[in-house]
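Here's the structure we're looking at; comments come further down.
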Amino acid sequence: MFLDFMSEVEGLLRDALEGCGFKAEDGVNNLGLEISPHADLASSVAFRLAPVQKISPALIARDIHQAMPQEYKYVDRVELAGPYLNFFMNRIFLNTVLDQALADDRWTGRMSQRVIVEHTSANPDGPLHVGHIRNSVIGDTLVRILRRAGCTVDAQYYVNDMGRQEAMVVVGCDHFQLDGSKADHAIAKVYIAANKAMELDPEIRKEADQVIQRYEAGDPETVAKIQSAVRYAVSGIEETLHRMNIRHDSYRWESEFVRNGDVTEMVKDLEKTGLTEWEDGAFQLDLSTFGFEKKIVLRRTDGTSLYITRDLAYHRWKAANSDQAVDILGADHKLVSGQLCTALRLLGIREPEVVIFEFVSLPTGSMSTRKGKFISADELLDEVEKQAFEEVRLRRPEESEAFHREVARQVATGAVRYDVVKVSADKATTFDWKQALDFEKLSAPFIQYAHARACSILRKGEAAPSFQADQLTGENEVALIKKIAQFDLVIDQAARELKPHHLATYARELAETFNLFYRYSPVLDAAEELKAARMALVRAARNALRSTLETLGIPALETM
RNA sequence: GGGCGCGUGGCCUAGUCAGGAUAAGGCGGCAGCCUCCUAAGCUGUAGAUCGGGGGUUCGAAUCCCCCCGCGCCCGCCA
């Protein structure tokens, strides 16, 4: 698809540049290729050559244009536009795109790495809130994008069972009763209650310390208590993730790395670097030569390990069991993940690629599970589903309530995911109910709707045994084929840059382009030959929309 | 105080890494389109000195420097 066209253009340009005698050191490494309103691909390479050659860019472009090879596969023509070189696709390319989209709606790229993507990994002390799901949605979308790009992906949830907050959950369970609400919400209630109680009674803190020590020592009763609390909380979290079409392939518990000796080994190996020391009874790592001011405590005075110690062991394990590790982390982890990467580098261990996303806050300030100040993902999904139910009931009154419920459920999943993934990860956001409940153009239902429209046409018109792709010459038809072609380019870019929001932008553009075709190019009423060709185009567009939606984890509804 | 990130029409955002041909969308505003394949759609219109200042360049939203504002972090928490 587009990548094939692009590599042909690159080849042509390099041949022509070589023919003109330009070399890489003249600045021709950057061909300045971009999709532009003036061409399918435009090159501004002449500008880069001008200062070296001391000739005007327009003259250089003219020379390159004249040196251009004349044998093309997917390129129709190369036009000279002042200093720019404009490349256009030919009919063969458009027809090839159509054929590929019709035949192979499960296109996958050529990447082949084994990748471990760690995402969500929320502490099992309560339900996911609207901040956590930014992690989950970015993570799961990246998992899907990497798979689409050809990678073998293991999506992992790192379960923090050894932290202080989990000890507080156990203390909470000892002092308060879990009520009948959804597992993760019930856990949150005792956790919040325990934290409140601690403010009045310092003994609670000591209880938590003891739980940590006993758990690290492997005390059977404590192990049983923590594991059951963790499993209970995670079961609730999983339920929420499933509502958003998110599943993990494996769960790694922090305690694994303590029990199997990896943590001890990690501490020993760090000791060999000569950068560790005992200070105030704790074992510490000094990374000040790498710009980290404060020392990192690897073992507490009481001998127990800390989050970073266990995380180092986990990352060594990840490096050994994959070709690439990707971590999705909130902005509050920037410093610690920098420290972690530096420590790994010291030991010669491959570092993970860290995707940082900035915070989601409420209009009233930042969220906190401990303080019970958050909007849960379940609450959000419920609200969005309720709103979607009303919408679909009004639009399709002839359908059953079961239909309305099912469509609302799928729309809610999509709407929540799209709302999160459409924004670049490095933008801090404030949660906004109005925006979350808006189902217009910049939302999942917009894209799902385009897909449903395509499906509707396919249901009503019968597919012809053959068609003439050359019939598809209208502006909207050609634009649609070109937009379908870009799928591989977008997947490739999003996978390499680990930026899922590119795919969200593409999804909107694809739906928009389909809607224009839909509006101006009637299919079912067209003359026989044209109808056959347009039916094929609709099927190709349906496949492209379905692939895009699936990769975004948004249900591709056939009717709504 | 230091580090990292962000600042684009009234509001939300894409574009910034790899500088290029009129700054692209959505929401909200105004004006239109259902005897026509689902109007969760489509069309038109108004609205931006791309936080401010300096610099590099033929050319800067994009690169460099300074400043301002906002967010996150700087725990023997995770």
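Since the structure is predicted, the reported quantities are computational estimates derived from the model, not experimental observations. All chains are named by letter (A, B, ...) in the order of the sequence lines, taking the proteins before the strands, and each is independently numbered beginning at 1.
The gap from the P atom of B/A46 to that of B/G41 amounts to 23 Å, rounded to the nearest Å. Rounded to the nearest Å, the gap between the P atom of B/C30 and that of B/U35 is 24 Å. B/U22 and B/G5 have their C1' atoms separated by 32 Å, with the value rounded to a whole Å. Rounded to the nearest Å, the gap between the C1' atom of B/U8 and that of B/G51 is 10 Å. Nucleotides B/U13 and B/G7 are separated by 13 Å at their C1' atoms, to the nearest Å. Look at the P atom in both B/C27 and B/C74: the space between them is 40 Å, to the nearest Å. Separating the P atom of B/G1 from that of B/C66 is a span of 15 Å, rounded to the nearest Å. Taking the C1' atoms as reference points, B/C64 lies 7 Å from B/U56, given to the whole Å.
Counting heavy-atom neighbours within 6.0 Å of A/Glu351 CD, excluding the residue itself, gives a total above 12.
Residue contacts for A/Asn86: at a heavy-atom cut-off of 4.0 Å it reaches a base atom on one of the strands shown. Contacts of A/Leu298 with the nucleic acid, taken as non-hydrogen atoms under 4.0 Å apart, are absent. Contact annotation for A/Gln284: no contact, since no heavy-atom pair falls under 4.0 Å across all strands. A/Phe446 comes within 4.0 angstrom of the backbone, heavy atoms only, and of no base. Base engagement by A/Val392 is indicated by at least one non-hydrogen atom pair under 4.0 Å involving a base atom. Counting non-hydrogen atoms under 4.0 angstrom, A/Arg299 reaches nothing in the nucleic acid. Counting non-hydrogen atoms under 4.0 angstrom, A/Ala42 reaches a base of the nucleic acid.
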- Task: Sugar-phosphate atoms are those with a prime plus P, OP1 and OP2; base atoms are the rest. Using that split, label each nucleotide of nucleotides 1-14 of chain B B, S or - for protein heavy atoms under 4.0 Å, 5' to 3'.
- Result: ---BSSS----S-S
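Looking at which nucleotide of RNA chain B each of A/Ala50 and A/Ala452 is closest to, the 5′-most match is held by A/Ala452. Between A/Lys460 and A/Ile308, the one whose closest nucleotide on RNA chain B sits nearer the 5' end is A/Lys460.
For B/C34, the glycosidic angle deviates from 0 by 90° or less, giving a syn base.
Pairs engaging residues 281-290 of chain A under the salt bridge (charged side-chain N to carboxylate O under 4.0 Å, His left out) rule: none recorded [sequence neighbours left out].
Under the ring pair (Phe, Tyr, Trp, His ring centres under 6.0 Å) criterion, A/Tyr215 pairs with no residue, sequence neighbours left out. In this view, A/Arg252 and A/Glu256 satisfy the salt bridge (Lys or Arg N to Asp or Glu O under 4.0 Å) rule, not counting sequence neighbours. Partners of A/Tyr307 according to the side chain to side chain contact (heavy atoms under 4.5 Å, CB included) rule, which considers only residues two or more places apart in sequence or in another chain, are A/Tyr158, A/Asn160, A/Glu254, A/Arg310, A/Asp311, A/His333. With sequence neighbours left out, A/Glu512 forms a salt bridge (Lys or Arg N to Asp or Glu O under 4.0 Å) with A/Lys441, A/Arg508. Partners of A/Asp40 under the side chain to side chain contact (heavy atoms under 4.5 Å, CB included) rule, at least two apart in sequence or in another chain, are A/Phe5, A/Phe88, A/Met89, A/Lys482. Applying the salt bridge (Lys or Arg N to Asp or Glu O under 4.0 Å) rule to A/Arg134 yields no partners; only residues at least two apart in sequence or on another chain are considered. For A/Lys371, there are no salt bridge (Lys or Arg N to Asp or Glu O under 4.0 Å) partners, not counting sequence neighbours. A/Glu477 is linked by a side chain to side chain contact (heavy atoms under 4.5 Å, CB included) to A/Leu472, A/Phe517, A/Ser521, A/Leu530, A/Arg534, A/Leu537, counting only residues two or more places apart in sequence or in another chain.
Rounded to an integer number of Å, the gap from A/Leu329 CG to B/C72 C1' is 13 Å. If you measure from atom OH of A/Tyr307 to atom C1' of B/G75, you get 15 Å, rounded to the nearest angstrom. Remark: C1' of B/A78 and CD of A/Glu118 are 12 Å apart, rounded to the nearest angstrom. The interatomic distance linking A/Glu34 (CD) with B/A18 (P) rounds to 15 Å, in whole Å. Atom pair A/Lys434:NZ and B/G26:C1' shows a separation of 10 Å (rounding to whole Å applied). Going from atom CZ of A/Arg310 over to atom C1' of B/A78 covers 8 Å, rounded to whole Å. Following rounding to the nearest Å, A/Glu391 (CD) and B/A39 (P) show an atom-to-atom distance of 15 Å. Atom NZ in A/Lys54 sits roughly 10 Å away from atom P in B/C58 (whole-Å rounding).
Below 30°, between 30° and 60°, or above 60°: for A/Phe431 and A/Trp433 the angle between ring planes is above 60°, a perpendicular geometry. Ring pair A/Phe487/A/Tyr506 is tilted by interplanar angle, where 30° to 60° counts as tilted.
Both key distances under 3.5 Å define a Watson-Crick or G-U pair, and stretches of 3 or more such consecutive pairs in RNA chain B run B:1-7 with B:68-74, B:10-13 with B:24-27, B:29-33 with B:41-45, B:51-55 with B:63-67.
Across B/C27, B/U43, B/G71, the shortest atom-to-atom separation from the side chain of A/Asp438 is found for B/C27. The A/Glu440 side chain lies nearest to B/G41 when the options are B/G41, B/A21, B/C76. Looking at the side chain of A/Tyr520, the nearest of the listed nucleotides B/C42, B/C37, B/C72 is B/C42. When the nucleotides B/G26, B/A78, B/C72 are ranked by their closest atom to the side chain of A/Ser366, B/C72 comes out on top. The nucleotide whose nearest atom lies closest to any side-chain atom of A/Asn30 is, among B/A21, B/G19, B/C72, B/G19.
Under 4.0 angstrom from either OP1 or OP2 of B/A39 there lies at least one side-chain N or O belonging to A/Tyr518. Using a 4.0 Å cut-off, some side-chain N or O of A/Arg300 falls inside it from OP1 or OP2 of B/A78. Contact annotation: A/Arg453 reaches the phosphate of B/A39 (side-chain N/O to OP1 or OP2, under 4.0 Å). Residue A/Arg496 places none of its side-chain N or O atoms closer than 4.0 Å to OP1 or OP2 of B/C17. Residue A/Asn515 places no side-chain N or O under 4.0 Å from the OP1 or OP2 atom of B/G41.
Taken residue by residue, residues 161-168 of chain A places heavy atoms nearer than 4.0 Å to RNA chain B at A/Gly163, A/Arg164, A/Gln165.
For the pair A/Arg370 and A/Tyr191, the cation-pi criterion (under 6.0 Å, within 45° of the ring axis) is not fulfilled.
Between the side chains of A/Glu529 and A/Gln471, a donor-acceptor pair is found at a separation under 3.5 Å.
Judged by distance alone with a 3.5 Å cut-off, a donor-acceptor contact links the side chain of A/Thr301 to the base of B/C76.
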- Audit row: A/Leu17, A/Ile64, side-chain contact (heavy atoms from CB on, under 4.5 Å) steps and yes/no: CA-CA 6 Å; A/Leu17 287 164; A/Ile64 298 171; 3.6 Å; yes
